[in-house]
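See below for the structure under consideration.
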Amino acid sequence: MALKSDRFLAEIKKYFETERGTFLHDVCVSDHFKKISGDSSGYAPWLSKLLGYATKQFNLTGRNVLDIGCGTGELTVWMNTLGYNASGIDLHKKFIGLAKILAAENGLPENTFVQVNGARIPFPDKSIDIVTLFSVLEHVSDEVLKNELIPELLRVCRGVICVNVPNRLKPADDHTGLWFVPWMPRRLA
């Protein structure tokens with residue numbers, strides 16, 4: 001079963017229209033199609049295994065998930081369809097707008113997604129069982145990570161923090177599919 005996403009995909013196509021005819025356009029649009037797909041090799045089975053493992057391994061009784069850096073929200077919506085109470089936050093207003101469209105198409109409230117503007121995570125202390133950061137940390141400076149993000153993660157999380165980062169040894173970039181980007185110095189990439 002795939003996510004309901006007709007309006008969401010139409011908006012994604014519009015968002016990437018300026019890149020039409022480029023490699024980047026094809027990779028980005030394809031990535032969004034993959035994320036909403038319900039096939040057995042997709043994101044839903046992976047998330048189900050990951051969240052199930054974390055819940056069991058760390059004896060978590062709650063199912064509150066915070067997806068930090070949720071982007072356009074596909075993974076957060078999947079987590080909700082898997083029975084978790086997942087919320088997503090991101091800095092990018094346009095991405096949060098797209099995520100809210102996807103949430104509405106799948107029967108989730110608009111407040112499933114929240115745009116953040118600063119260092120404070122807008123959730124109460126120790127209110128989250130599982131925090132996810134999927135391909136987020138590579139976008140955060142060491143200073144922000146140390147002085148802002150980690151203290152906030154420790155404040156809101158009462159359970160476990162799941163982090164996924166790109167493999168720097170892999171020749172193709174996880175975000176764009178472009179070759180050798182992971183091997184470049186960070187400033188150049």
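Only a predicted model underlies this, so the values are computations on that prediction, with no experimental measurement involved.
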- Drop me the distance from S141's OG to N147's CG, to the nearest 0.5 angstrom. 8.5 Å
- Task: Show your reasoning for whether side chain to side chain contact (heavy atoms under 4.5 Å, CB included) applies to T132 and M79.
- Result: CA-CA 11 Å; T132 61; M79 288 185 248; 3.9 Å; yes
- Task: Fit a plane to each ring of H32 and F16, take the angle between them on a 0 to 90° scale, and name the class: parallel (under 30°), tilted (30 to 60°) or perpendicular (over 60°).
- Result: tilted
- Query: Taking atom OH of Y53 and atom OG of S48, what is their separation to the nearest 0.5 Å?
  - Reply: 15.0 Å
- Where do D39 and G42 come nearest, in terms of heavy atoms and distance? OD1-N, 2.8 Å
- Going by heavy atoms in the side chains, are F123 and N64 under 4.5 Å from each other? no
- Message: Give me the atom names and distance for the closest heavy-atom approach of G159 to L60.
- Response: CA-CD2, 3.7 Å
- Is there a donor-acceptor pair closer than 3.5 Å between any side-chain N or O of T81 and the backbone N or O of W78? yes
- Could you grab the distance from atom CG of L137 to atom CG of L145, nearest 0.5 Å is fine? 6.0 Å
- Query: Rounded to the nearest 0.5 Å, how far does CG of L51 lie from CD1 of I130?
  - Reply: 5.0 Å
- Message: Please find the pair of heavy atoms, one from L50 and one from C162, that lie closest to each other, and give the distance.
- Response: CD1-SG, 4.4 Å
- Mind listing the closest non-hydrogen atom pair of P122 and V116 along with its distance? CD-CG1, 3.5 Å
- Is it the case that more than 12 heavy atoms not belonging to Q57 sit under 6.0 Å from its CD atom? yes
- Apply side chain to side chain contact (heavy atoms under 4.5 Å, CB included) to the pair C70 and F113, showing each step before the final yes or no. CA-CA 8 Å; C70 66; F113 294 99; 3.7 Å; yes
- Item | Note: D31-K35 ion pair, threshold 4.0 Å (strictly below) | yes
- Task: Please check if the side chain of T112 supplies one atom and the backbone of L108 the other of a donor-acceptor pair under 3.5 Å.
- Result: no
- Query: Does the pair F134 and W46 meet the rule for a ring pair (Phe, Tyr, Trp, His ring centres under 6.0 Å), with working shown?
  - Reply: CA-CA 12 Å; F134 299 131; W46 173 72; 5.1 Å; yes
- Task: Give a yes or no on whether the backbone of T55 and the side-chain of N59 come within a donor-acceptor separation of less than 3.5 Å.
- Result: no
- Quick one: does E152's side chain have a donor or acceptor within less than 3.5 Å of a partner on I121's backbone? yes
- Task: Would you check if S87 and V114 make a side-chain contact, meaning some heavy-atom pair closer than 4.5 Å?
- Result: no
- Under the 3.5 angstrom rule, does the side chain of N85 hit a backbone N or O of R63 as a donor-acceptor pair? no
- Message: Can you tell me how far apart CD (E110) and NZ (K100) are? Round to the nearest 0.5 Å.
- Response: 4.0 Å
- Item | Least distance between heavy atoms, L75 atom then L47 atom | O-CD1, 3.7 Å
- Message: If the condition is ring-ring contact (aromatic ring centres under 6.0 Å, His included), which residues does Y43 pass it with, not counting sequence neighbours?
- Response: none
- Message: Go through it in stages, so that I can follow the logic: the residues are D125 and V156, the test is side chain to side chain contact (heavy atoms under 4.5 Å, CB included), and I'd like the CA-CA distance, side-chain angles, deciding distance and then a yes or no.
- Response: CA-CA 4 Å; D125 294 358; V156 300; 5.7 Å; no
- Given the rule that I, L, V, M, F, W and Y join up when any side-chain heavy atoms are under 4.5 Å apart, are V144 and L153 in one cluster? yes
- Message: Measuring only between side-chain heavy atoms, which start at C-beta, is L133 closer than 4.5 Å to L149?
- Response: yes
- State whether the side chain of D90 and the backbone N or O of I96 hold a donor-acceptor pair below 3.5 Å, judged by distance alone. no
- Query: Which atom pair, heavy atoms only, marks the closest approach of R7 to E105?
  - Reply: N-OE2, 2.7 Å
- Decide side chain to side chain contact (heavy atoms under 4.5 Å, CB included) for D67 and I89; before the verdict, give the C-alpha distance in whole Å, the side-chain angles of both, and the deciding distance to 0.1 Å. CA-CA 6 Å; D67 187 15; I89 62 173; over 6 Å; no
- Message: Tell me whether R155 contacts the main-chain N or O of K126 through its side chain, where contact means a donor paired with an acceptor under 3.5 Å.
- Response: no
- To the nearest 0.5 Å, tell me how far R20 CZ sits from H25 NE2. 4.0 Å
- R158 with D129: basic N within carboxylate O range, under 4.0 Å: yes
- Message: Between T72 and E74, is there a side-chain donor-acceptor contact under 3.5 Å, judged purely by atom types and distance?
- Response: yes
- Would you confirm whether the ring centroid of Y15 sits within less than 6.0 angstrom of the ring centroid of F8? no
- Message: Heavy-atom count check: over 12 atoms from other residues, nucleotides or ligands less than 6.0 Å from D6 CG?
- Response: no
